[in-house]
Each structure stands twice: as structure tokens, then as C-alpha cells.
Amino acid sequence: MYDSIIVGAGIAGATVARRLAEKSDKKVLVIERRNHIGGNCYDKLDDYGILIHEYGPHIFHTQDEGVREFLSRFTEWYDFGHEVVAKVGEQLIPVPFNLNTLHMVYEKEKADHLEKKLLEAYGEGSRVPIMRLRENPDEEVREIADYVYENIFLYYTMKQWGQKPEEISPEVTGRVPVVISHDNRYFKDRYQGVPLHGFTPMFEAMLNHGNIEVWTNTDCSDVLTFVDGKIYFEGEEFQGDLIYTGAIDELFDCRFGHLPYRSLDFRFEHLNQDSFQNHSVVNYTVSEDFTRITEFKYLTGQKDTEGTTIVREYPFAYTGAEGEIPYYAILEEKNERLYEKYRKLTEEYPHFYLLGRLAEYKYYNIDAMCRKALDLAEEIG
Ligand code: FAD
Ligand code: UDP
């Protein structure tokens, strides 16, 4: 009845579903355990009519023309250069730390001098990971590095990961490098913004195809079983493609133990005031128990609102308890070894593919996920 079954209706699942359905004329079933599509990109109107991102602020950004083109078939865009500030004492300073930030934290003469040094050391427009900046032999450059480390990275990273910046994968802090330019934008990519009418309508359009069926409120374990190299769908052997975008340890009942993840508790608040912080995202890098506050109307561009809705993010260690969501893979060698043990179990199943931030235990952005899904559809379509 179905040529392909896809577990998960996030960007990975929805992209591969659409491509297999339209390019390869496959009959596709998408199984999603939540009561909605969109995965962690899901957005909706809250009780006050404000468009919120239920799983934290999502901004689409990419350099990949193919991905942009593909998604643009399903949405128009509200384009903007996403900017973030950090609250350090009484100041709100641009993050990533850049030459504008430098001039906000040092008096003019010193900032001019340091700017020259940074330009000489790295060149205009470079993006230098904080852990690399700290290794610079020049004492004055290291002084800047110390400032950035102490005021932007240390406490935020402790909250987010429960570890210091030097204890986590450099790939993670490297996502927010020190930028040797006057560009205040959080990302460097050519295209930045959100779908004009929200992510969820974009996903609806992607999945709206005669060859695609979507079952929400359905856990894959309700309908799929994996036994001795064979996959069964509702009790019958299934020989089509199975693309799995959920957590790999769950698929095998966590038999080798849970893969470690960081999770987040999102606490939303509606306020009867026009504006709370004048910025879409404020990072709390030296104070508070939460990492950041997002004020949605600045992120989505929504104008017709009364009051404003914000969300605070409180990180914690994922335990696998009912209702907890594994958001971030923890990129460490021992965890990757455990992942590999699970991955090996999938090898005996032909036409079985792991795709997605959870299934691959990686730290992918939306665009990278969409690209991987497009490539997989190309390969197996
Ligand atoms: P998901 O979106 O997690 O989708 C997987 C789906 O599979 C889920 O809907 C899940 O319910 C379903 N599922 C899992 N197991 C089962 C099962 N057993 N049965 C049925 N269904 C199942 N990226 C950006 O590019 N820009 C951003 O600004 C950005 N901000 C982020 C902020 C936060 C707080 C987080 C956590 C991530 C952010 N990301 C951002 C990353 C982005 O969320 C991911 O790249 C993207 O959502 C990954 O898509 P996915 O399809 O792999 O996974
Ligand atoms: N980070 C930080 N302070 C900041 C912003 C980021 O310490 O103000 C570090 C932190 O370790 C974080 C990582 O850089 O987890 C990556 O940040 P990013 O904003 O990319 O995280 P995401 O949006 O994926 O949660």
C-alpha cells in the first residue's frame, strides 16, 4: 500500500516525504507521534492570538540556494537579519561579539587600538571561535578573549550544557564566533528570516500532496516492529523504504542505555504591555537561571497583536522521563561511540535510513537538515 514510510514530520521527514512523493511517484506514509506536524519548527497562535514557536525561537537561515528554492515553493518569506543582544550588567551588547560590541565595552581610544590589532591578526570579516581567540599569543588580544569568554560564553554555556566552554565540543561554541566586522547579525548567511505566515503553514503545504498521507498522534512503535532483519507494518512485512527521524536509542528500547541529551523547559508568559524588551532575543550571559528570552512579535513581524508573549528557556539534563524532549545531542566521543552501537543494529534492515537531528545524533540547523533530506530522496528515489 505504501512505498515509503517516514517516522517524524519535522523538516527532515516532511522534505523527504515531498520529494519521494512528487519526484519518484512513491506512496508515502508519514507517522508523527505529536498532535501536529513541523517537528521542532512548529508554530501556532497562542490564546492571545500571538504567533509563538512552541519549541523555541526558529529562524531559517541558509547559503544553500537549492534549499531556499525548494522551501520557497511552499512559503513566502519575512526576511530580516536576525540580531541578538546579551544582557551584561546594565548593558545590552551585540552577540556575536563584534567590532561594534568592542566599542561598547571599551572606551574609544582603547577600542580603536584593539580593533586595529584584531584586524591585523585575523583580517576584516573573519569569524574567530572564542576557543581559538583565547590562544592568541598577543596579551591584548587575549584580554579581549577573556572578556568575551567571561561575559558571553562561560555562564551561558554552564547553564545550557552543565559544562564549561572548554569541556564541550568546540563545534558548539564555534557556532557563535567573534566576528571581526561591524555586522551585528547573529548569522552570516545570505538568506535569513521566517516563513511569512509561519512555519506550520509551510509544512502543511509541503505535505499537501496526493501521494502523501500523514498520521499524527501515532508513535512508530504503535504500527512498526523490527524483528530479525525484517520490518513489519501493522503486522505485515514491509519491504519499502523506512526513513526514521526519531531518537535512535528509543527505536531499540534503549537497550544499551539512554543516549545523553540536553533538554529545555520553555516557560511562556503573556504580558498586557506593548513590548517587553525591544529585541527578538536577549541572551542572559552573566545572570539568571534561564539562557534567553524571546519576544515573538519581533521575530515573526506580527503587527496585529494586543500585548506581547515571551518565552524563557531553562536548560536541563534529559532523563528520558515521560514528556521530556531530547533537544540537543551532546557531542562527545563516548556518546558518539554509544550512538554507533545503536546505528550498527540498523544495518541488518535493508532500505532503512536514519535521517535527522535525533536519528543522526548531530547538531543540524533547519537548512542542513533539509539539504540532507533532499539528497537522501535523490539517492533512494
Ligand atoms: P525534529 O524537528 O525534532 O522532528 C522529528 C519529529 O519526529 C518530531 O516531530 C517527533 O515528534 C517525531 N518523532 C520522534 N520519534 C517518533 C516516533 N517514535 N514516532 C513518531 N514520531 C516520532 N535551526 C535553525 O536552522 N534555526 C534556528 O533558529 C534554530 N533554533 C533552534 C532552537 C531550539 C531551541 C532547538 C532545539 C533547535 C533549533 N534549531 C534551529 C534546529 C532545528 O530545530 C532542527 O534542525 C530541526 O528541527 C531538525 O529537524 P528534524 O526533522 O531532524 O527533527
Ligand atoms: N553561546 C554562549 N553565549 C551566547 C550564545 C551562545 O555561550 O550568548 C554558546 C553556548 O554554548 C551555546 C552555543 O554557543 O550552546 C551555540 O549557540 P547557538 O545560539 O547556536 O545555540 P542554539 O540556538 O542552537 O541553542
Side-chain angles (χ1 to χ4, degrees), residues 6-16 30-42 53-62 67 82 84-88 93-97 129-130 148-149 151-161 163-165 168-177 186-187 189 192 194 199 203 215-224 243-248 250-251 261-264 266 281-286 291-292 294 299 311 313 315 325-329 354-360 362-370 372-373:
I6 297 168
V7 178
I11 189 71
T15 302
V16 75
V30 180
I31 297 168
E32 170 55 59
R33 63 151 68 124
R34 294 180 185 167
N35 62 3
H36 61 75
I37 59 171
N40 289 341
C41 298
Y42 173 70
H53 294 184
E54 181 135 323
Y55 307 96
H58 279 72
I59 299 99
F60 173 71
H61 56 102
T62 195
V67 164
H82 179 54
V84 174
V85 290
K87 187 157 171 39
V88 178
I93 59 173
V95 175
F97 187 94
I130 179 59
V148 176
Y149 177 86
N151 290 287
I152 298 194
F153 283 94
L154 180 58
Y155 187 55
Y156 187 105
T157 300
M158 282 304 297
K159 286 187 280 189
Q160 180 77 354
W161 298 99
Q163 286 174 294
K164 292 185 176 161
I168 65 172
S169 164
E171 184 189 321
V172 176
T173 47
R175 288 168 58 88
V176 189
Y186 202 63
F187 309 114
D189 295 336
Q192 311 194 12
V194 288
F199 279 98
F203 279 86
W215 294 358
T216 48
N217 296 308
T218 309
D219 196 289
C220 92
S221 62
D222 299 342
V223 288
L224 286 166
I243 297 145
Y244 181 79
T245 76
I248 193 172
E250 283 182 26
L251 192 60
Y261 288 94
R262 294 294 287 177
S263 190
L264 294 168
F266 293 104
V281 177
V282 177
N283 286 0
Y284 285 76
T285 55
V286 292
T291 48
R292 56 187 175 189
T294 298
L299 196 73
V311 67
E313 294 176 41
I325 298 179
Y327 286 111
Y328 297 92
L354 293 164
L355 176 77
R357 193 149 137 138
L358 292 169
E360 298 179 62
K362 291 244 162 67
Y363 200 144
Y364 287 124
N365 289 327
I366 300 167
D367 65 327
M369 217 53 273
C370 183
K372 282 217 78 178

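In this text, all values refer to a predicted model and were calculated from it rather than measured experimentally. Index from 1, following the sequence. Read the numbers this way: they start at 1 and go in the same order the structure lists the ligands and their atoms. The figures that follow rest on heavy atoms only: side chains count, while hydrogens, waters and symmetry mates do not.
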Please state whether [X] comes within less than 4.0 angstrom of ligand 1, counting heavy atoms only.
{"X": "L251", "result": "no"}
{"X": "F60", "result": "no"}
{"X": "Y42", "result": "no"}

Do ligand 1 and [X] have nitrogen or oxygen atoms that lie under 3.5 Å from each other?
{"X": "R33", "answer": "yes"}
{"X": "A247", "answer": "no"}
{"X": "Y328", "answer": "no"}
{"X": "G13", "answer": "no"}
{"X": "P57", "answer": "yes"}
{"X": "I366", "answer": "yes"}
{"X": "C220", "answer": "yes"}
{"X": "D219", "answer": "yes"}
{"X": "R292", "answer": "no"}

Tell me which protein heavy atom sits closest to [atom], plus the residue, atom name and distance to 0.1 Å.
{"atom": "atom 3 (O) of ligand 1", "answer": "N40 ND2, 3.4 Å"}
{"atom": "atom 14 (C) of ligand 1", "answer": "G246 CA, 3.6 Å"}
{"atom": "atom 4 (O) of ligand 1", "answer": "G10 CA, 3.6 Å"}
{"atom": "atom 42 (C) of ligand 1", "answer": "H58 NE2, 3.6 Å"}
{"atom": "atom 5 (C) of ligand 1", "answer": "T245 OG1, 3.8 Å"}
{"atom": "atom 36 (C) of ligand 1", "answer": "Y327 CD2, 3.5 Å"}
{"atom": "atom 46 (C) of ligand 1", "answer": "I11 CG2, 4.0 Å"}

Between [X] and [Y], is any pair of side-chain heavy atoms under 4.5 Å apart?
{"X": "L264", "Y": "Y328", "value": "yes"}
{"X": "T245", "Y": "M369", "value": "no"}
{"X": "E54", "Y": "F266", "value": "no"}
{"X": "H53", "Y": "V311", "value": "no"}
{"X": "Y42", "Y": "H58", "value": "no"}
{"X": "I130", "Y": "P165", "value": "no"}
{"X": "F60", "Y": "D367", "value": "yes"}

Closer than 4.0 Å to some heavy atom of [X] - which atoms of ligand 1 meet that?
{"X": "A12", "value": "51 (O), 52 (O)"}
{"X": "I31", "value": "20 (C), 21 (N)"}
{"X": "T218", "value": "20 (C)"}

### Query
Counting only non-hydrogen atoms of the protein, does one fall under 4.0 Å from atom 7 (O) of ligand 1?
yes
### Message
Between N40 and R357, do the side chains contain a donor N or O and an acceptor N or O under 3.5 Å apart?
### Response
no
### Message
Is it true that D219 and S221 share a donor-acceptor pair across their side chains at a distance under 3.5 Å?
### Response
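Yes, because at least one side-chain N or O of S221 sits under 3.5 Å from a partner of the opposite role on D219.
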Separation between [atom1] of [X] and [atom2] of [Y], rounded to the nearest 0.5 Å:
{"X": "T218", "Y": "R33", "atom1": "OG1", "atom2": "CZ", "result": "11.5 Å"}
{"X": "Y244", "Y": "L358", "atom1": "OH", "atom2": "CG", "result": "8.0 Å"}
{"X": "I31", "Y": "I243", "atom1": "CD1", "atom2": "CD1", "result": "11.5 Å"}
{"X": "N217", "Y": "R34", "atom1": "CG", "atom2": "CZ", "result": "12.0 Å"}
{"X": "F199", "Y": "I37", "atom1": "CZ", "atom2": "CD1", "result": "13.0 Å"}
{"X": "Y327", "Y": "Y363", "atom1": "OH", "atom2": "OH", "result": "13.5 Å"}

### Task
Quick one: list whatever passes side-chain hydrogen bond (donor to acceptor under 3.5 Å, both in side chains) with E360, sequence neighbours left out.
Y364, K372
### Task
Applying side-chain hydrogen bond (donor to acceptor under 3.5 Å, both in side chains), name anything that partners T216, two or more places apart in sequence or on another chain.
none
Please tabulate, one line per pair, the protein N or O atoms found under 3.5 Å from any N or O atom of ligand 2, giving the distance to one decimal.
{"from": "ligand 2", "atom 1": "3 (N)", "to": "I152", "atom 2": "O", "distance (Å)": "2.9"}
{"from": "ligand 2", "atom 1": "7 (O)", "to": "I152", "atom 2": "O", "distance (Å)": "3.3"}
{"from": "ligand 2", "atom 1": "7 (O)", "to": "F153", "atom 2": "O", "distance (Å)": "3.3"}
{"from": "ligand 2", "atom 1": "7 (O)", "to": "T157", "atom 2": "OG1", "distance (Å)": "3.0"}
{"from": "ligand 2", "atom 1": "8 (O)", "to": "N283", "atom 2": "ND2", "distance (Å)": "2.9"}
{"from": "ligand 2", "atom 1": "11 (O)", "to": "T157", "atom 2": "OG1", "distance (Å)": "2.9"}
{"from": "ligand 2", "atom 1": "11 (O)", "to": "W161", "atom 2": "NE1", "distance (Å)": "3.4"}
{"from": "ligand 2", "atom 1": "15 (O)", "to": "W161", "atom 2": "NE1", "distance (Å)": "2.8"}
{"from": "ligand 2", "atom 1": "19 (O)", "to": "Y186", "atom 2": "OH", "distance (Å)": "2.5"}
{"from": "ligand 2", "atom 1": "20 (O)", "to": "R175", "atom 2": "NE", "distance (Å)": "2.7"}
{"from": "ligand 2", "atom 1": "20 (O)", "to": "R175", "atom 2": "NH2", "distance (Å)": "3.3"}
{"from": "ligand 2", "atom 1": "21 (O)", "to": "Y363", "atom 2": "OH", "distance (Å)": "3.2"}
{"from": "ligand 2", "atom 1": "23 (O)", "to": "R292", "atom 2": "NH1", "distance (Å)": "3.2"}
{"from": "ligand 2", "atom 1": "24 (O)", "to": "R175", "atom 2": "NH2", "distance (Å)": "3.3"}
{"from": "ligand 2", "atom 1": "24 (O)", "to": "Y363", "atom 2": "OH", "distance (Å)": "2.6"}
{"from": "ligand 2", "atom 1": "25 (O)", "to": "Y328", "atom 2": "OH", "distance (Å)": "2.5"}

Going by heavy-atom distance to [atom], choose the closest among [options].
{"atom": "atom 11 (O) of ligand 1", "options": "H82, E32, R262, Q192", "result": "E32"}
{"atom": "atom 26 (N) of ligand 1", "options": "N365, I6, I59", "result": "I59"}
{"atom": "atom 44 (C) of ligand 1", "options": "W215, Y364, Y363", "result": "Y364"}
{"atom": "atom 37 (C) of ligand 1", "options": "R357, M369, E250, K362", "result": "R357"}

#### Entry: For F203, all residues meeting ring-ring contact (aromatic ring centres under 6.0 Å, His included), sequence neighbours excluded
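With neighbours one apart ignored, the set is empty.
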### Query
What pair of heavy atoms forms the shortest contact from V286 to N151, and how long is it?
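Heavy atoms of V286 and N151 come nearest at CG1-O, 3.5 Å.
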